[in-house]
Amino acid sequence: MANIIDWVHKANLANDKTGMVNAQQTVEYDTLQEEIKQLIVYGEVRRGHALIVQLWRENPSLSLAGFVISCFERLRPNLVLIPCRIAILRSFTVEPVIPLLRAAAFVSGIDLSVNVGSFNTYPQEILDQNSGLYKFKPDIVILAIQTCDVSPDLWSNFTNLSPGEITAAIGQVIDNFSSWVQMFRSHSQSHLILHSLEHPLKPNNGILDIQSETGQIGVIRHINRELLHLSVEYSGIYVLDYDALVSRHGRMFWYDDRKWMTMRMPIAANCLIHLANEWLRFLHPLIGKVCKVLVTDLDNTLWGGVIGEDGMTGIKLGPEYPGAIYQTLQRVILDLYNRGIILAVCSKNNLFDAMEVLNHHHGMLLRPKHFAALRINWNDKIENLREIATELNIGMDAIAFLDDNAVERQLIRSQLPEVTVIELPDDPIGYAQALRDSPVFERVALSAEDRDRGRHYTDYRLRTELKQSAISLEDFYRSLQIEVEISLMTQETLIRVSQLTQKTNQFNLTTRRYSEQQIIEMAANPNSRVYTLRMRDCFGDNGLVGVSITHYNGEICEIDTFLLSCRVINRTVETALLATISEQSSNEGIQRLVGWYLPTKKNAPAREFYSLHGFTCVMERDGESFWEFDLTCGQIVSPPWIKRQVLIKEKILNDRIYF
Amino acid sequence: MTEYIFDQVRQIAANVFNVPLEKVTIKSSSTTIENWDSLQLLNLVLALEQEFGVQFEPEDIEQMISVELIVKLTQEKLSKTT
């Protein structure tokens with residue numbers, strides 16, 4: 001008991017400290033700002049960049065946003081940033097959020113161009129095909145409108161409405177949203193994010209309101225459920241739970257009524273950053289700025305204490321405090337695993353001690369089967385991370401690094417800048433929340449493959465061991481008992497197909513990224529084919545791992561896209577897919593197969609693909625090459641060791657799926 | 001105290017208006033700083049509210065036409081809160 005009181009007292013002290021006026025901090029930031037400017041002037045890009053990131057993470061303020069943006073604009077030529085165009089349609093003043101959004105995006109490696117629609121003209125902008133919205137050609141559009149603007153009656157006149165009038169008002173709002181979404185989809189292939197409608201601070205009818213489903217709150221909840229239906233009905237439409245965002249940060253503190261009444265700016269200065277960060281959580285998955293792997297430390301991260309010193313009974317891990325702190329973090333990691341994030345361990349430890357905990361400690365929620373790679377040794381973490389990347393066949397930028405030790409974090413941040421380092425607070429009780437807050441694990445859709453990914457990678461570990469013991473390569477392929485199933489894309493596989501075009505970097509001949517909407521349009525085009533490949537072998541089902549998109553043009557079939565998930569590279573299934581395309585094209589009267597190889601930093605594994613399959617290079621410029629295969633002189637043969645099933649009907653046009 | 005507040009306001013204004021620190025003086029106003037329009041002023045007001053933990057009234061914002069007046073208003077707010 002004494003301990004708890006002591007602890008509460010300490011927590012209060014900590015609160016007092018943070019409650020102090022920021023003035024002292026500001027002075028420190030000023031000197032840091034000067035230092036950063038100097039570093040940039042003298043071309044010390046890496047150090048300057050690291051300091052800006054640190055400065056922003058510590059205090060993402062409105063004042064600092066301007067500084068961060070001006071630094072990044074100068075550093076831009078020296079950094080690898082993902083460009084993204086975002087348009088914001090709004091019914092209130094959002095301009096002060098934009099510098100925060102751009103600064104936060106820069107720090108996350110995203111270079112944003114932002115277009116803010118005119119005040120309250122969002123319906124016209126959506127409906128008019130020639131509006132500034134569509135001319136801007138955004139990748140992502142956010143529709144940020146408030147309940148009070150979309151339905152003034154439901155917001156402030158609720159107690160005057162008859163039941164009939166309430167029903168009519170609900171219908172009106174839902175109809176409006178449906179027609180906006182429908183028109184938007186017909187004019188644009190961009191992603192669209194809808195803000196859900198927020199509840200009032202206090203309902204017009206007091207506590208009576210919530211006693212019925214048709215009170216003010218009930219009605220707004222009903223509309224929000226309908227918005228969800230819209231996002232299910234149309235592809236590329238997502239809901240941002242604005243009401244949850246407001247309540248998460250405290251409805252009492254969210255609003256600034258004076259600025260709303262004078263400048264149509266409803267959100268208090270201190271809350272603007274939360275809106276910017278929430279928008280950013282959507283940007284990460286939508287533009288593919290995400291991590292596929294979480295590499296975690298063990299001591300003082302997955303459990304409290306050091307196993308080598310404290311032993312099995314001394315480390316803190318279990319359902320009670322303080323062990324609960326670490327169990328809560330493990331629960332978050334398990335959530336990520338179930339979302340398709342691959343897990344790995346990188347720990348300076350004795351292998352035997354660590355495995356003892358992983359295998360046998362009763363408090364562990366994570367077990368060896370959850371980890372696709374283990375590096376438990378005394379080597380430095382840079383080398384270990386590189387090895388993990390090689391073993392899992394992923395790039396360094398797909399890795400997020402979780403470690404309680406600030407020195408290790410700093411080491412990785414400075415030596416492996418591509419890796420995402422998860423910032424952790426000093427107090428371990430904040431670890432779980434910090435991990436949940438990281439936007440690099442956000443996903444907007446989840447396929448069956450995502451859910452099973454962790455298991456696939458454990459299978460892969462065993463498969464690689466087999467490869468090392470096999471005699472000849474052909475024997476090895478045979479021993480895998482590979483089966484593939486090739487078919488045309490269906491409604492069920494759409495999400496996965498789009499996802500693969502968005503995420504696949506290595507075995508990808510053209511690296512063309514397509515939204516679900518674009519894929520749908522190609523699938524519906526009579527001259528295009530969207531092929532999918534599923535694969536299983538003696539270790540298990542790998543799911544849908546290959547995609548190819550082809551376009552017919554007279555007697556020519558152009559391979560627009562050809563890609564394989566990195567977990568099935570080097571197993572000759574690509575030949576099976578290419579063989580199917582060549583047979584299918586021949587059957588439909590095609591005489592020549594053609595296709596580009598467009599090199600990127602990462603797709604070297606696909607470079608020899610066309611030459612290995614007997615294509616002739618007919619054109620080459622700046623490393624890009626164009627290849628051709630004459631189908632009248634020969635066919636591409638599927639490997640005899642693969643059991644291949646082609647599920648494409650004779651009369652393709654009649655059986656095609658229209659959406 | 002005034003000098004200290006001026007230093008802070010100056011740094012924040014330089015960041016928000018995206019001008020070099022040297023360009024911001026006690027006499028700076030909407031006529032000497034190019035980016036000083038109503039929207040950027042709103043950004044500045046919000047940044048000041050956040051840094052100093054104060055709240056400006058609509059009437060205050062109308063008066064904010066120079067750095068000097070902004071410093072004065074900020075100081076008034078701070079002396080009321082402490």
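Of the residues considered (A/Ala269, A/Ala268, A/Gly66, A/Pro99), A/Ala269 shows the highest number of contacts with chain B, using heavy-atom pairs under 4.5 Å. Top candidate by heavy-atom pairs under 4.5 Å with chain A, chosen from B/Leu42, B/Leu48, B/Ile61, B/Asp7, is B/Leu42. When each of B/Ser38, B/Ala13, B/Ala47 is scored by its heavy-atom pairs under 4.5 Å with chain A, the top score falls to B/Ala47.
Taking the six-membered ring where the residue is Trp, A/Tyr242 and A/His195 present parallel rings, their angle staying beneath 30° rather than reaching 60°.
The CD atom of B/Gln50 sits 5.0 Å away from atom CG of A/Asn270, with the distance rounded to the nearest 0.5 Å. For the atom pair CD1 of A/Ile193 and CD1 of A/Ile142, the computed distance is 4.5 Å after rounding to the nearest 0.5 Å. Atom-to-atom distance recorded for A/Ile88:CD1 and A/Ile98:CD1 is 3.5 Å, nearest 0.5 angstrom.
For the pair A/Arg281 and A/Trp279, the cation does not sit on the ring face, since its NZ or CZ is not both under 6.0 Å from the ring centre and inside 45° of the axis.
Contacts between A/Leu272 and chain B at a heavy-atom distance below 4.5 Å involve the side chain alone, from C-beta outward. There is no contact between B/Phe17 and chain A, counting heavy-atom distances below 4.5 Å. Within the 4.5 angstrom heavy-atom criterion, only side-chain atoms of B/Gln55, from C-beta onward, approach chain A. With a 4.5 angstrom heavy-atom cutoff, A/Ser61 touches chain B via backbone and side-chain atoms both.
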Hey, mind stepping through A/Glu95 and A/Arg90 against salt bridge (charged side-chain N to carboxylate O under 4.0 Å, His left out) and telling me if it holds? CA-CA 10 Å; A/Glu95 281 78 352; A/Arg90 48 56 182 277; 2.9 Å; yes

